[in-house]
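Reading through the structure tokens given below for one structure.
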Amino acid sequence: DVLTTTDHRLFIQGALALLIADPSEDNALDVLSRISQLMTEFISDKDFIDMLRVTQVAIARGQLEAQDLGPLKDQLAEEFPAGNVIMNRELIRLLAFLKASNIIDRYLTYIESDASKPDRVHVAMHLRFLTEGWQTEQKLRLIDFLADARQWQGGSSYPLYIRNVTRDFAKRLTDEEIVPVLQRGAEWPDAALGCLYRLPEQLPEDLLAALIELDEEIDGRTDAPSKQLMVGIVAVLARSGDDISMSYLREIWDRNPERREPVAMGLAQRPDDENWECLVNSLPILEEGTLRIVLKQLQKVDKIPEEPEPYRQAIISGLKLEKNGALDAIQ
């Protein structure tokens, strides 16, 4: 019988055939139960790797959930990290699915070790699926590793994958963990950007101060993560709409002409008072989408320029936009 044989190769091949021929939940659970029994004995690396793959097949074919695996979860956790590279790769796939968060320190020790960079990244990429069991210090260690790993050589899409993983992980930080991440946002721009999704509409003083300090630190950078982070900070400040946020957006507008496009979009949320002059003076440099929004917002302000240049720029804006905004320019 496939499920009682002590021949590991026979079990592996027979269990796989069973899961292909009759992929029922009961058969999948029986296969996993037998793997759990066999793990109490010696198994060669080759056979154990294949059993890990059979475990994956059983979970998929039997449509099992993590809680269905019983003691096998803890048995697999005890095997990480193994001395075999391939074994570790198969283990982390299963452990991430099983939400095995009781060995987070071991995962972090591994990614900080002298193991090969691809193997360390492989483990780190799976840790984002562990949603419980983290201490703040452990989260910061993973973020620090990902920030460092993003600088390593890889394919053209490699840094994008790292950035996406970092942002996803940062979106789950607690309110108390956001400020220390923002304070190191110049080192961790991807994580800081992920934190922005968690911020409340009305910013408390500590978060507002951390955002402004971070923006001042990265202002003028030209790398993609920092540029995206700067746009995100502007959007958050604009949404907040308080006097301090608007004052700081005007400061950005004055000091860095390269950022006037997104800043104008932010200032347009409150087009009156001191923002009005910045918006009027932004008309010559705005792309069509932003230009349409700014023109609509300026119509809400009962104020007119005293100099001729803004009228000239309004006419040019209408010619540029034609049917997609000329009437707003006229208004």
Side-chain angles (χ1 to χ4, degrees), residues 175 178-179 182 185 192-193 195-221 226-331:
D175 293 344
I178 288 176
V179 171
L182 292 178
L193 184 59
C195 286
L196 299 188
Y197 292 92
R198 293 270 293 105
L199 298 182
E201 184 171 336
Q202 298 303 315
L203 297 170
E205 289 184 8
D206 59 340
L207 285 176
L208 181 56
L211 278 178
I212 291 175
E213 184 177 348
L214 172 56
D215 187 84
E216 290 174 334
E217 188 173 359
I218 65 175
D219 186 46
R221 289 189 181 181
S226 294
K227 289 171 71 174
Q228 290 187 351
L229 178 56
M230 284 186 278
V231 171
I233 291 173
V234 167
V236 170
L237 294 176
R239 183 186 65 182
S240 182
D242 59 89
D243 291 341
I244 295 175
S245 295
M246 288 296 159
S247 175
Y248 183 68
L249 290 180
R250 291 193 298 273
E251 181 183 325
I252 299 173
W253 194 93
D254 285 333
R255 76 171 182 238
N256 191 340
E258 297 297 323
R259 299 180 64 187
R260 286 182 177 175
E261 177 90 20
V263 169
M265 180 75 82
L267 293 174
Q269 307 310 306
R270 275 180 52 183
D272 53 357
D273 301 326
E274 296 175 79
N275 293 351
W276 179 83
E277 185 175 355
C278 289
L279 293 172
V280 169
N281 291 332
S282 295
L283 294 180
I285 55 93
L286 299 179
E287 298 291 336
E288 291 187 7
T290 308
L291 181 57
R292 285 194 293 270
I293 292 172
V294 169
L295 289 171
K296 285 182 179 294
Q297 292 295 93
L298 284 173
Q299 293 174 46
K300 300 177 181 179
V301 184
D302 186 17
K303 191 173 182 180
I304 61 173
E306 297 179 357
E307 300 298 324
E309 181 61 21
Y311 295 101
R312 176 174 178 271
Q313 292 302 330
I315 293 169
I316 292 173
S317 297
L319 293 172
K320 180 195 297 186
L321 295 174
E322 297 181 336
K323 294 181 179 179
N324 293 319
L327 291 178
D328 291 317
I330 292 170
Q331 292 297 320

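For Glu277, there are no side-chain hydrogen bond (donor to acceptor under 3.5 Å, both in side chains) partners two or more places apart in sequence or in a different chain. In this structure Arg259 satisfies the side-chain contact (heavy atoms from CB on, under 4.5 Å) test together with Asp215, Asp219, Met230, Val234, Ile252, Arg255, Asn256, Val263, sequence neighbours excluded. Scanning for side-chain hydrogen bond (donor to acceptor under 3.5 Å, both in side chains) contacts around Ser240 gives Asp242, with sequence neighbours left out. Residues passing the side-chain contact (heavy atoms from CB on, under 4.5 Å) test with Ala210, sequence neighbours excluded: Leu182.
Other residues, nucleotides and ligands contribute more than 12 heavy atoms inside 6.0 Å of the CD atom of Glu309. For Ile244, the CD1 atom counts as loosely surrounded, since its 6.0 Å shell holds 12 or fewer non-hydrogen atoms of other residues, nucleotides or ligands. By the neighbour-count criterion of 12 heavy atoms within 6.0 Å, atom CD of Gln299 is densely surrounded, having more than that number from other residues, nucleotides or ligands.
The CD atom of Glu217 sits 9.5 Å away from atom OG of Ser226, with the distance rounded to the nearest 0.5 Å. To the nearest 0.5 Å, the span separating CE on Met265 from CG on Leu291 amounts to 10.5 Å. Atoms CD1 and OG, on Ile233 and Ser245 in that order, are 11.5 Å from each other to the nearest 0.5 Å. Note that CG of Leu203 is 6.0 Å distant from CG of Leu211, once rounded to the nearest 0.5 Å. The structure places CD of Glu258 at 9.5 Å from CD1 of Ile285, a figure rounded to the nearest 0.5 Å.
Counting only residues at least two apart or on different chains, the salt bridge (charged side-chain N to carboxylate O under 4.0 Å, His left out) pairs with a member in residues 195-206 are Asp175-Arg198. Applying the salt bridge (charged side-chain N to carboxylate O under 4.0 Å, His left out) test to residues at least two apart or on different chains, the pairs with a partner in residues 313-328 are Lys296-Asp328.
A donor-acceptor contact shorter than 3.5 Å is absent between the side chain of Arg270 and the backbone of Asn275. Side-chain atoms of Ser317 come within 3.5 Å of backbone atoms of Gln313 as a donor-acceptor pair (strictly under, hydrogens ignored). The backbone N or O of Pro271 sits nowhere less than 3.5 Å from a side-chain atom of Gln297 that would complete a donor-acceptor pair. For Glu261 (side chain) and Glu287 (main-chain N/O), a donor-acceptor pair under 3.5 Å exists by modelled atom type.
Side-chain contact check for Asp272 versus Lys303: every heavy-atom pair is 4.5 Å or farther apart. Between Leu267 and Ser282 there is no side-chain heavy-atom pair separated by less than 4.5 Å. For the pair Leu208 and Leu237, the minimum side-chain heavy-atom distance is below 4.5 Å. Leu295 is listed as a side-chain neighbour of Leu283, based on a closest heavy-atom distance under 4.5 Å. At least one side-chain heavy atom of Arg239 sits under 4.5 Å from a side-chain heavy atom of Leu199.
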